[in-house]
Amino acid sequence: MKIYNTLTKQKEEFVPLEEGKVKMYVCGPTVYNLIHIGNARPMIVFDTVRRYMEHKGLEVNFVSNFTDVDDKIIKKAMEEGVDAQIISERYIEECKKDMEGLNVKPATTHPLATKEIDGMVDMISTLIKKRYAYPAADGTVYYRTRSFQGYGKLSHKNLDDLQGGNRSLLVSGEEQKEDPLDFVLWKPRKAGEPAWHSPWCDGRPGWHIECSVMSKKYLGEEIDIHAGGEDLIFPHHENEIAQSEAANGKTFARYWMHNAFLNIDNKKMSKSAGNFFTVRDISKKYDLQVLRFFMLSAHYRSPLNFSADLMEAAKNGLERIRTAAERLQELIAKATLSELRESEEISLKEAEKFWEKFEEAMEDDFNTADAIAAIFELVKFSNTNADSESSKVYIQALYRQLTEMADICGLILESRKEILDQDIEALIQERQEARKAKNFARADEIRQQLLEQGIILEDTREGVKWKRA
Ligand code: AMP
Ligand code: ZN
């Protein structure tokens with residue numbers, strides 16, 4: 001299995017630290033709003049990497065954090081007049097619902113930054129002791145960037161270029177830095193903001209330290225794969241390397257994987273640019289499996305432009321695979337001959353070549369575009385070769401192969417069945433009862449479940465009204 005490593009700019013044979021096991025960390029979202037479909041790209045891509053590795057029999061310890069303390073979360077909390085924790089908890093729940101809709105498996109562990117402050121204080125203390133960091137007069141702690149020999153090795157930047165760029169970026173209050181390149185590990189509290197005790201001042205961590213600490217705690221000092229979107233290469237991942245390797249004295253991660261951007265009109269989709277769709281927006285129009293299929297139709301290191309046309313193409317493509325799977329299921333139900341014929345045995349041997357193509361594509365740095373092409377070839381093959389004369393064993397073998405390939409891609413082949421009016425009414429009734437019992441979690445869950453099936457609820461004075469989207 002070959003993986004493109006950002007660190008070496010090469011495809012390398014993947015050899016895990018411990019045979020049969022993979023330690024993998026993926027930087028997760030900052031939870032201050034519903035996630036947009038750009039954020040969904042790394043989720044889908046690295047979930048597919050995980051699924052393929054599991055298919056190969058590797059045991060994957062998959063850790064992905066939620067950044068639950070950050071300027072944007074605090075700003076939103078202030079706007080709503082609630083605690084930051086209310087905001088982060090709300091959007092973690094919402095994010096998990098979107099992940100479920102996208103069929104992204106929950107991580108082995110989803111650590112939260114605010115629950116790992118002690119570990120961060122420990123690592124910062126170690127860095128200060130080793131002279132890789134220093135506290136300034138106001139209690140801010142900075143990382144002494146130039147003291148780390150390998151700084152720039154991931155982003156392939158050199159310190160002098162950075163120095164030129166950074167000097168002009170020096171903002172007020174940062175004059176206390178020894179060097180403009182130094183970055184923040186800990187910062188003092190501001191009025192109204194959440195804060196924790198530390199030896200330097202009451203305050204909160206800088207963003208980069210959380211991943212170094214959580215990766216170490218849940219996976220160990222050395223891990224196999226560290227991943228995220230390509231905007232994280234610099235400075236986030238570069239700083240993580242500086243922190244972890246200086247503190248632990250070991251290589252932090254052996255393979256660095258980065259997905260390219262999801263764009264709109266060839267510009268990165270982002271909250272700040274305002275050019276985004278949330279996963280929730282898309283779920284109103286499409287089965288989220290279509291979004292997953294769309295994302296996997298391109299290689300993860302190629303930029304992908306979002307458009308209505310490409311989504312329609314993805315919808316049709318997925319539909320073709322689903323129709324083939326349904327047809328095979330119907331044939332299985334009706335098949336009368338149970339013994340495999342000799343000609344069918346030969347045909348199944350032939351169908352193995354689609355497996356080989358699929359695996360070859362995935363082994364080559366997870367080329368899901370080619371893997372999906374192999375699925376289409378199998379679809380065509382089974383549409384032509386399986387019919388009402390075929391034996392049950394034969395059709396079952398083709399069906400199994402098709403569903404297994406789809407499953408590695410995280411694609412569910414049963415299409416979403418139209419929900420009946422009476423089932424909707426029953427769920428609305430259950431939701432009303434849950435609300436009466438103050439079980440708002442269940443009530444929200446029902447609303448979401450209905451939403452995923454295209455049913456929109458409206459709470460009015462006359463009671464709950466619903467409509468199909
Ligand atoms: P954030 O919440 O901004 O930290 O982003 C969470 C994850 O989504 C990170 O791995 C980002 O690199 C990734 N990401 C954000 N925007 C995009 C985009 N437009 N395309 C692909 N990945 C993105
Ligand atoms: Zn991170």
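Just the heavy atoms: all of them, side chains too, but no hydrogens, waters or symmetry mates, feed the values below. Counting starts at 1 for both ligands and their atoms, following the listed order.
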- Query: Does ligand 1 have any atom sitting under 4.0 Å from a heavy atom of Ala260?
  - Reply: yes

- Message: Please list the nearest protein heavy atom to atom 19 (N) of ligand 1 with its residue and the distance rounded to 0.1 Å.
- Response: Met269 O, 2.8 Å

- Query: Closer than 4.0 angstrom: is that true for some heavy atom of His36 and an atom of ligand 1?
  - Reply: yes

- Is it true that Lys97 and Asp444 make a salt bridge, defined as a side-chain N closer than 4.0 Å to a carboxylate O? no

- Query: Taking NZ, NE, NH1 and NH2 as the nitrogens, is one of them in Glu94 or Arg280 under 4.0 Å from a carboxylate oxygen of the other?
  - Reply: yes

- Salt-bridge contact Glu221-Lys250 (side-chain N to carboxylate O under 4.0 Å): yes

- Query: What class does the angle between the rings of His226 and His237 fall in, given that below 30° is parallel, 30 to 60° is tilted and above 60° is perpendicular?
  - Reply: perpendicular

- Message: Is the positively charged end of Arg301 above the ring of Tyr4, judged by distance under 6.0 angstrom from the centroid and angle within 45° of the axis?
- Response: yes

- Contact atoms of ligand 1, heavy-atom distance to Pro29 under 4.0 Å: 2 (O), 6 (C)

- Task: Using a strict 4.0 Å threshold on nitrogen-to-oxygen distance, state whether Lys2 and Glu12 make a salt bridge.
- Result: no

- Query: Are Arg204 and Asp70 close enough for a salt bridge, meaning some N to O gap below 4.0 Å?
  - Reply: no

- Which is it for Asn259 and ligand 1 at heavy atoms under 4.0 Å: side chain, backbone, both or neither? side chain

- Hey, which atoms in ligand 1 end up nearer than 4.0 Å to a heavy atom of Leu232? 9 (C), 10 (O), 12 (O)

- Query: Less than 4.0 Å between a side-chain N and a carboxylate O, is that true for Asp122 and Lys217?
  - Reply: no

- Provide, to 0.1 Å, the distance between atom 2 (O) of ligand 1 and the closest protein heavy atom, together with that atom's residue and name. Thr30 N, 3.1 Å

- Query: Does Pro42 have a non-hydrogen atom less than 4.0 Å from ligand 1?
  - Reply: yes

- Task: Flag the pair Glu79 and Lys76 as a salt bridge only when some basic side-chain nitrogen lies within less than 4.0 angstrom of an acidic carboxylate oxygen.
- Result: no

- Message: How far is atom 12 (O) of ligand 1 from the closest protein heavy atom, and which atom is that?
- Response: Asp231 OD1, 2.4 Å

- Message: Considering non-hydrogen atoms of the protein only, which is the closest contact for atom 6 (C) of ligand 1, and what is the distance?
- Response: Asn39 ND2, 3.6 Å

- Message: If I consider every N, O or S atom in Glu240, which one ends up closest to the Zn ion (ligand 2)? I only need its name.
- Response: OE2

- Message: Rounded to the nearest 10°, what angle sits at the Zn ion (ligand 2) between SG of Cys27 and NE2 of His236?
- Response: 120°

- Counting heavy atoms only, which of Gly38, Ala273, Gly229 is nearest atom 23 (C) of ligand 1? Gly38

- Quick one: look up the protein heavy atom nearest atom 20 (N) of ligand 1 and list residue, atom name and how far away it is. Leu262 N, 2.7 Å

